[in-house]
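Everything below concerns the one structure shown next.
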Amino acid sequence: MKRRSIRFQFFAVISAVAVVFIGMLLLLNLFFYQDYYMLTRRNELRNAYQSIRSSYTGDMEEIATVLDSYENRSTIRLAVVSSDGVVQYSSFVSGASNGQGALQPDFDLRGYAILRSIAQNCNTEVLRRHNYQFLSVKLWDGDQYLCLVGSLDKSAEQCLFAYVPYAFIEQNSSLNLVFLLIAGGVALLFCLICGYFISRQFTRPLVNMAGVADRMSELDFSQKCQTGGSDEIDRLGQSLNRLSAYLEQTIGELKQSNDQLAQEIEKKERIDAMRREFIVNVSHELKTPIALIQGYAEGLTAGVADDPEDRKFYCDTIADEADHMNKLVMQLLSLSKLELGAEQPYLEDIDLHALCAETVHKTAVLCEARGLVVQYDNTTVTVRTDGDLLQQVLMNYLSNAIRYTEAGGHIEISAAQTDAGTRLTVFNEGEGLPEDELPKIWEKFYRTDRARTREAGGTGIGLSLVRAIADTLHGNCGAENVPGGIAFWFLIPPAPEGGDSAVAPTE
């Protein structure tokens, strides 16, 4: 069964209440109005009798004036009849009284007889005891009348007749019923129109709340309920707004936690992949020197090299490969200490020009063998940093430059002051590197030559060691292609003023 909207239900309830209310009015009017009207008319007759009786002093001319004035102001008809049946005053008996009890010639004998009969038949003792009584009589016109008969004096010698026709009462009741039907129809139509607009106005915030709730179910918390009052519906809207804000905050925090968890999972997976790749790379780097050492050692043991020169060649090869493995292990140890924060830098004033001269002197044999020219004139700068770590950076940069510069090429070491610190740059001639590979060269064991030939030299972790040193010294490093070659730079940050020589490692 299809459920009606709340607006229709609200309108239907208002309409039903209006119909029931108007129906009850019609039923009450139909069954109880006439009795109520009769009671009202009795009270009017009683009030008229009591007012006239209080004004009676025994003078008929005076009371006649009062009666005439009272009849002009109401629908009640009045008459005064003595106990012996003489009509003293009556608006229905033509020419009734002249104030002396005498009757005019046009006196209506039928009216006289009826009033006289009523007066003579009234119980005088009842009138004396209760002053008045109600009767239902027919007068000369044949109509039924509601009549009050009461004594004007204590002796009940003068009787007052106050009466109204039943036809007037019934006609009034009929007219009232017709008017009530018309007014009830108009009121019902008005209630239906008002009920429609009231239900629309009343249910509008509820419809708005339903829309907001639907958007909330779709995790859209941008819409809010329009509230501006303090009734129950406004408080409900305010509660819904608070719920929306709380859900938005909670879901946002949950999403942030999920994103953080996803990043941590991704980081863990990346670390696991790097660990596996590290193991593979280390195994690859150690496999060749171990195989060479093992092969040449077995040859010496088997006496293959009988000639002294052959034995010297075998021994030199074993020593070179052992030295290569030793360098690899030492670099791995240094890299691990830096990444774990176990290496605490010692800050001291370093003459960068002297440091460059020392490093160039150590690599002079390699440069002379390939005819390379190294310039470092533009390095007359004093920096406050860890000299050993900075020398490792410079040695790795210079070794790479020597390794990848063509014979007879040019290498230049320079230093410049910037707002962020001292920038040390090592430039070498060459073709440079593809832009997409520049961020990757700082990864462990990454080489631009995928074949990983031993002729290219190096262990593949030199630049990774430079990046770790930069993090330890709170500096930065990078590489960029420049006209004529490639430049590797290292940013040495300013030393903290007034600080100790030892700087705490980064976490």
Side-chain angles (χ1 to χ4, degrees), residues 259-260 262-282 284-285 328 331-332 334-341 343 345 385 389-390 392-406 409 411-416 418-453 456-493 505-507:
D259 293 340
Q260 185 177 0
Q263 292 176 1
E264 291 178 356
I265 292 175
E266 182 181 358
K267 182 179 179 180
K268 182 178 181 301
E269 292 176 349
R270 186 170 63 252
I271 292 174
D272 290 341
M274 291 174 60
R275 183 182 296 111
R276 290 191 296 269
E277 183 181 1
F278 177 78
I279 294 173
V280 171
N281 290 329
V282 171
H284 178 82
E285 292 294 332
L328 176 62
Q331 286 185 331
L332 289 175
S334 298
L335 181 61
S336 298
K337 289 174 65 177
L338 291 171
E339 290 180 339
L340 292 175
E343 184 76 24
T385 185
L389 294 180
L390 185 59
Q392 292 187 53
V393 171
L394 188 57
M395 180 62 74
N396 277 287
Y397 278 177
L398 189 56
S399 298
N400 280 339
I402 294 172
R403 186 178 302 115
Y404 293 103
T405 302
E406 296 181 358
I411 299 174
E412 183 179 357
I413 305 174
S414 61
T418 65
D419 294 337
T422 303
R423 178 168 171 144
L424 176 66
T425 305
V426 177
F427 165 81
N428 66 274
E429 295 178 343
E431 297 180 358
L433 293 174
E435 292 294 333
D436 59 339
E437 287 194 3
L438 289 178
K440 301 176 183 179
I441 60 177
W442 308 96
E443 299 176 4
K444 299 182 185 70
F445 298 106
Y446 182 85
R447 288 175 179 159
T448 56
D449 54 328
R450 298 302 180 186
R452 296 181 179 269
T453 58
T459 60
I461 62 173
L463 295 181
S464 300
L465 187 62
V466 171
R467 185 179 61 179
I469 293 174
D471 293 338
T472 301
L473 297 178
H474 306 287
N476 201 357
C477 59
E480 55 188 3
N481 291 315
V482 295
I486 186 171
F488 286 83
W489 55 268
F490 186 88
L491 183 64
I492 307 169
T506 57
E507 295 181 359

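- A pairwise comparison of heavy atoms in A415 and T422 identifies CB-CG2, 4.5 Å as the closest pair.
- How far CG of L473 is from CG of L491: 10.5 Å, rounded to the nearest 0.5 Å.
- The two residues C477 and W442 come nearest to each other via the heavy atoms SG-CZ3, 3.8 Å.
- The CG atom of N396 lies 5.5 Å from the CG atom of L465; values are rounded to the nearest 0.5 Å.
- Rounding to the nearest 0.5 Å places CD1 of I486 at 9.5 Å from CG of N400.
- Nearest heavy atom pair, residue L438 against residue A479, reads CD1-O, 3.9 Å.
- Counting only distance, with no hydrogens or angles, the side chain of N481 and the backbone of L433 share a donor-acceptor pair below 3.5 Å.
- Taking CG from L389 and CD1 from I492, the interatomic distance works out to 11.0 Å, rounded to the nearest 0.5 Å.
- Distance check, rounded to the nearest 0.5 Å: CG of L390 to CZ of F490 gives 6.5 Å.
- In this structure, CD on E266 lies 11.0 Å from CG on D259, to the nearest 0.5 angstrom.
- The nearest pair of heavy atoms linking G475 to P493 is CA-CD, 3.7 Å.
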Distance-only donor-acceptor pairs under 3.5 Å for side chains of residues 423-432, two or more places apart:
residue : atom : partner : partner atom : Å
R423    : NH2  : E480    : OE2          : 3.2
N428    : ND2  : T405    : OG1          : 3.4
E429    : OE1  : H410    : N            : 3.2

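- Under the ring-ring contact (aromatic ring centres under 6.0 Å, His included) criterion, Y397 pairs with F488, not counting sequence neighbours.
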